[in-house]
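This is the structure I have questions about; it appears just below.
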Amino acid sequence: MANFNPVTFEPHFRALVADTESDLELDEIDDALQQATPKSDGARACAYLAAEILSSADRPWSQAYALNTAVGASCMAGDTERARRYLKQLVDLTIETGTDLPALSAVENVRLLLPGNAKADHVPNILYEVVRLYRHLGKVEKAIENLIIAAYLFADFGAFQPAYGALVEAENLARDNQLLQEYADVVSTIYAICLLEGDHAYAEKMWPTLKQKYVELGRPVPAHLAANRATLLFQTGDYLAARKAFEELLADVKPGDGLEEGRTKILINLSACLRELGEHALSDVRMAEARRLLSTLENVDPEHQLEMELIAAKNAVVEGDLVEACSCLNRAAQSLNAGVGLVEKLHYRRGLRERYVPRVERLLASLATIGRAADVIPVVAATRANRVSDWLYFLEWAEMLAAMLSPEEKEELDGLVDHLARHGSPHLFGYLEKYDDPMSAIKMPDPWRDIAEYADKINARHGFRRPFQNATSESITRTIVKRLDEGYAILVNMVAADNKMLLLISDRYVFCDLPQAETRVFFEALLRHRLEPNQAKAVGLAVGAYQEALLRSLGPVLSELAVESCKGVIFIPDGSNLTPINLIMVGDPKIRARMAAGKFEVRTCIAPYPAKRQAAALSSCLGIIENDSRLLYDRADVKEFFKGVGATGTVLEDPTWNVFAEAMASTDALVLSHHGASIGLFRDAFFADMAGPYRNSAMDLMRLQGEAFRWPHRLAVLGTCHSGDLVNRNYQTRFRTHDLMGFPTVFLLNGRSEVLAASWAILDRFNLLFTTLFAPGLQKAHPSLAASIALAKLFELPKEELSDLVHSAFPADVLNTSAVLEQIDNLRRQPFCYGAYQTYTLL
């Protein structure tokens, strides 16, 4: 049976298993399969069949060897979940029947074959089984070794809690079994992970203990640990000591001794030290040596390449070679993309980005003030990819896959996607993220593992790609270029990166500075206002001062946007979410005039995923109000919207979740007109409710996140105070990436919607006037353009036309007196009013 065919193999193999005298033939087939699986898909399929068939037969040794072969075949195919499943069966069988030899062979196959073939976030599930086997067999040293491997893997992707959990288990095993070398290895790993986490103080506190352990062992501190120590010295600013340490290491690690990868790391870090000490020529020599050595290696870790490019970019910035810095950053963006592509869990993808995005953006902000857009677009794409864009690409994968499945298969897929969404995708509750620990004996639900297993099965059955295969910075780059070609400008906020704003327009980029003092005052006032809504006057003054400062600072950007060829601006906020875009655009007279004429639209992009915008008229609308709100114009606002768009409308008062969700299943546009609270009042966005803490409403973010991505709506008008507030954190941590989460986000998850929301408190009189101008515009324009026209027109409207608008908008019992008109005339030009509104879209 040299040519394995699953169709003919299965009946033949079943017959052999049924024959009690067939042990020798089963062994021969297993040997043949082991030889054939590296080169034959058919042989791999037969190996899987053999394992499945023997699992229901009472032939433990034949089953164990078949499972061993199936584990190896799965590892070679990168079929991580299948490998885990077969290994678990084999470990269970070994614990029950003592089939030690094939089990040990299987874990050796895992060690040799899995690296480079598997999704890294699912490898700990396999390592759990490896550790379980070694502990059962009393091979404690091997168990510790694999716990350390798992800890490093967790830490690479920002999952520090499970990393330390694995190390605590390893430490206990080493201590209980009096294994001094293994104990030193564990403590060394804790030290290294502290550096990754940025806990320099604790790492420094550990160093004497570490040195003492090696004194007790009678051995020098190993090279990798000395390199970590030198890295700590560098990170804490002791450059002379770090240089000395790296140079001593370099002298000990000779070329050709098989430690080339470690040598390149030393050279790269030494280059950074020399740069900080002003020895630029020698720094360049060491970096060039590192590049040459790295180019000779195969299967280089993307993070290794990324570190080299970031240090090389900073070297170039310090030396004033901004062309070389730009080249390094583009290569760094490619490596960041490759590193993120190793995993599929959203919080792991974010965890890797968190370690590098701030560094990349600080270097990006150091480039020349003006340059070619093509030089920076890939860097922007890599740094602005986030969990929401990842999730939207995942949903696209599911939608495309569903189109080729049978009804039964589609139902299975829908159930898995729903489970993921309700578990917390794209924004996972911090508690669930913290305790997502595949190495723990106490298992929590892991819907990502279920998806991984399903994706493996679908790939084998239909040859369909992995869920995140399109979720790359290359895809985002293509979308950015397309928007620029369409005539839009893209404005990227970079407050955290040296207070910069980056404009991409046509084939150019332009950097501008943001006003630091006014930004800080505005942020503090806005924070107080969200916590204490009655502080509107203070935030109003801060908004006005902030606008004046922004208009001064962004003069070069605004002059670029005012040209006739620019169709509008797509604003990409950063994690601080501190720059209200319409405060700038409506505040500039030239741009405001173009907005009012319908020649310039303004929109805010939360996730860089291509928007599927639809121009068809809205046909069904749903309005939500509160029956005890005591708002004067809530019902009028909703009805004015229905009237303006010319669509059928239904008004619900304080609907239950089920009533609301049922209505949304057939709604084109949602309009809220009631009170709202900032999402920042909640410790975790996952638990936010627009009604505020300790209250419940249909605007429950947890349930919205689990359902809204399936609704057909094309517009959500969140006419409440603070509805556009976005946070960049969860219960566990504040993110260093641009993972903004809030009510606008969840209403964008269906991929076709646009969302109008307010960044702070809104006044119902202004909102009613705005709705009266905005809603009719939706019959001819996309929401972002209609909103831009309405905001600018409301500002520009001659006083006599304002009187007509008030007559049209307000209920008959509102007197159109000169005093009322004067108040409204003043109100419509207040930055506090028009600056709060943003139209949120995808890219």
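Keep in mind it's a predicted model, so treat the numbers as computed, not measured.
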What residues form a side-chain contact (heavy atoms from CB on, under 4.5 Å) with K482, not counting sequence neighbours? E486
Would you sort out whether D121 and K345 count as a salt bridge (charged side-chain N to carboxylate O under 4.0 Å, His left out), showing the intermediate values? CA-CA 7 Å; D121 46 347; K345 290 184 177 183; over 6 Å; no
Just by distance, no angles: are the side chains of H427 and N730 close enough, under 3.5 Å, to form a donor-acceptor pair? no
Under 30°, 30 to 60°, or over 60°: which ring-plane class applies to Y431 and Y435, parallel, tilted or perpendicular? tilted
Salt bridge (charged side-chain N to carboxylate O under 4.0 Å, His left out), paired with D456, selected from R84, R466, R461: R466
Centroid-to-centroid, F394 to F468, below 6.0 Å? yes
Sorted by first residue and then second, give each side-chain hydrogen bond (donor to acceptor under 3.5 Å, both in side chains) pair with at least one member in residues 392-403; sequence neighbours left out. E396-Y609
Value for CE (M702) from CZ (F429), rounded to nearest 0.5 Å, stands at 8.0 Å
Verify side-chain hydrogen bond (donor to acceptor under 3.5 Å, both in side chains) between R82 and Y86, making sure each step is shown before the conclusion. CA-CA 6 Å; R82 188 189 290 272; Y86 287 145; 3.2 Å; yes
H122 side chain to R449 side chain, donor-acceptor N/O pair below 3.5 angstrom: no
Could you list all the side-chain hydrogen bond (donor to acceptor under 3.5 Å, both in side chains) pairs where at least one residue sits in residues 151-175, not counting sequence neighbours? R135-E169, Y164-E197, E171-R175, E171-Y183, N172-R175
Output every pair passing salt bridge (charged side-chain N to carboxylate O under 4.0 Å, His left out) with a member in residues 47-67, not counting sequence neighbours, ordered by first then second residue. D23-R59
Which side-chain hydrogen bond (donor to acceptor under 3.5 Å, both in side chains) pairs, counting each pair once, include a residue from residues 293-302, with sequence neighbours left out? none
Residues in side-chain contact (heavy atoms from CB on, under 4.5 Å) contact with Q34, at least two apart in sequence or another chain: D30, N68, T69
Using the side-chain contact (heavy atoms from CB on, under 4.5 Å) rule, take E474 and Q334 through it: C-alpha gap first, then chi angles, then the decisive distance, then the call. CA-CA 9 Å; E474 286 96 338; Q334 293 172 6; 5.5 Å; no
Determine whether the side chains of Y134 and E145 contain a donor N or O and an acceptor N or O closer than 3.5 Å. no
Just one of E409, E81, E412 clears the salt bridge (charged side-chain N to carboxylate O under 4.0 Å, His left out) bar with K457, so which one? E412
